[in-house]
2 protein chains.
Amino acid sequence: MARTTGSDGEKTEATIREAAVNLIARFGYEAMSMRQLATEVGVQAAALYRYFPTKEGLLFTLMREHMEGLTDAWEAARPTSADPVRRLAAYVENHIAFHIERRHATHVSNMELRSLSPERLTQILRMRTAYEKELRAILRDGAEAGVFDIDDTGLTAMALIQMMTGVIVWFRPGERLSITEVTATYLSMTMRLVGAASSTAPRFLSGAQRTL
Amino acid sequence: MARTTGSDGEKTEATIREAAVNLIARFGYEAMSMRQLATEVGVQAAALYRYFPTKEGLLFTLMREHMEGLTDAWEAARPTSADPVRRLAAYVENHIAFHIERRHATHVSNMELRSLSPERLTQILRMRTAYEKELRAILRDGAEAGVFDIDDTGLTAMALIQMMTGVIVWFRPGERLSITEVTATYLSMTMRLVGAASSTAPRFLSGAQRTL
DNA sequence: GAATTAATTGAACGTTCGTTTTATTATTGT
DNA sequence: ACAATAATAAAACGAACGTTCAATTAATTC
């Protein structure tokens, strides 16, 4: 038995990607065996090596494409407006939507970094840093414009990203809250966290708060 | 060669614990081999089994003791005051201090849950839930007393914990910021996030904010 | 100082791992 | 129809894994 009827390289590769993301997210990269992945795909382990050179190569591909997807999503969602509040809102909305939509891929990208070779780790971290830099720029602009009240831009950016990405830990689609409700609440929390005037509190209070 | 001069069970066990936490935090539970751990300890792999029944048993012990440590630390730090602001401040301070102090153990407890058997996973999650429940109670009390302004108690608790625990991802001792500075900033962000009156603003403002 | 117990070694067990090689069959192009 | 190529199976590789067992030596007890 060799080539099976109806077999198609593109389909198989897509199936491998999907199955790999799910298995790695569930069991972890080290715990997932290539044979387990092959079984899930419905193929022999040797067939996987026609599409990915090594197990680590597969992991890297999954991560790189996830990061590219995140960057692309932000490029598309980035508002033309220069208003820091609007830009921050767009960032939060895009981040949460993307991470909920691709929970498993996000889990992989966040949890399995240590299984990458140093060079590949650097490459992924560079992409991540570039993405986070966008948030820091928004916070800095807002702080300079006096729209935000922020102690430490870098620290606030990290706190916000941890908070937002944390959604994937507990969020399950179809449970108590919808994506829309979750996003709205996180948006509100974010705006308060950065001391934005137009959060839940009346605008004129923030001025008083800052001057006092 | 058998028993070595100066060998001591208690010392060896402590060394194993310490080395295991560090190795698992660095490479991951699945990636760390018992032989690697033994080498780090300076002993043969077989010797490990005198102290821990299996590799998973070792992992579970590390996690359980970490969670017990966290709970105990909170018991000791919990203020007698009923004031939600004070209680929340104590929770944040204790959480951040504990997690920075035991970065590696926290990493293990957060990242390696999937390597536990179902029963043991349940046990650890129960401890974690109990700890998080304390935060929810503080938030609820504060919201009911009108001291906090919170949309969704459960969601806010999760956001806060993700934010606070995230410190261990980027914090490195001896870098730009000290633990004290980091804690102060996080405390300030927390108070704003929950809409506490006495965050960065003077205390007497809280009354105004609540009535408005 | 002999007997007992504690601590560890060294070798081995069976299993599973990622990966490679070779053969075989399905599909595609002519 | 026939060659060329794409896709897979089947089997095998050596290495590493968690774990066990018997032997051996250090420390302790009486």
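Chain letters run A, B, ... following the sequence lines, proteins first, then strands; residues in each count from 1.
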Proximity to DNA chain C (any heavy atom under 4.0 Å), residues of residues 53-60 of chain B only: none

Residues in ring pair (Phe, Tyr, Trp, His ring centres under 6.0 Å) contact with A:Y131, at least two apart in sequence or another chain: A:Y91, A:H95

Lys/Arg-Asp/Glu bridge criterion (N-O < 4.0 Å) met for B:E144, B:R140: no

Listed partners of B:E175 passing side chain to side chain contact (heavy atoms under 4.5 Å, CB included), at least two apart: B:R172

Atom-pair distance (CD on B:Q44; P on D:dT24), nearest Å: 16 Å

C:dT8 OP1/OP2 closer than 4.0 Å to side-chain N/O of B:Y51: yes

A:T12 side chain near D:dT8 phosphate (N/O to OP1/OP2, under 4.0 Å): yes

Nearest-angstrom distance from the residue atom CG of B:L48 to P of D:dC17: 13 Å

Length of the OH-P vector between A:Y49 and D:dA11, whole Å: 19 Å

Over 12 non-hydrogen atoms of neighbours within 6.0 angstrom of CD in B:E18: no

Parallel, tilted or perpendicular: rings of B:H99 and B:H66 (30°, 60°): perpendicular

Sugar-phosphate, base or nothing in reach of A:F52, heavy atoms under 4.0 Å: nothing

Over 12 non-hydrogen atoms of neighbours within 6.0 angstrom of CZ in A:R86: no

Rounded distance (Å) that lies between atom C1' of D:dA26 and atom CZ of B:R50: 12 Å

Residues within residues 16-41 of chain B bordering DNA chain C, heavy-atom distance below 4.0 Å: B:R35

Set of residues satisfying side chain to side chain contact (heavy atoms under 4.5 Å, CB included) with respect to A:S117, sequence neighbours excluded: A:E56, A:E119, A:R120

Please list every donor-acceptor pair under 3.5 Å in which a side-chain atom of residues 34-48 of chain B meets a protein atom from a residue at least two apart or in another chain.
from	atom 1	to	atom 2	distance (Å)
B:Q36	OE1	B:S33	N	3.4
B:T39	OG1	B:R35	O	2.9

B:E10 or B:A46, whichever maps to the more 5' nucleotide of DNA chain C: B:E10

Lys/Arg N to Asp/Glu carboxylate O, A:E68 vs A:R102, below 4.0 Å: no

Nucleotide D:dA27, atom P - distance to NZ of B:K11 in whole Å: 11 Å

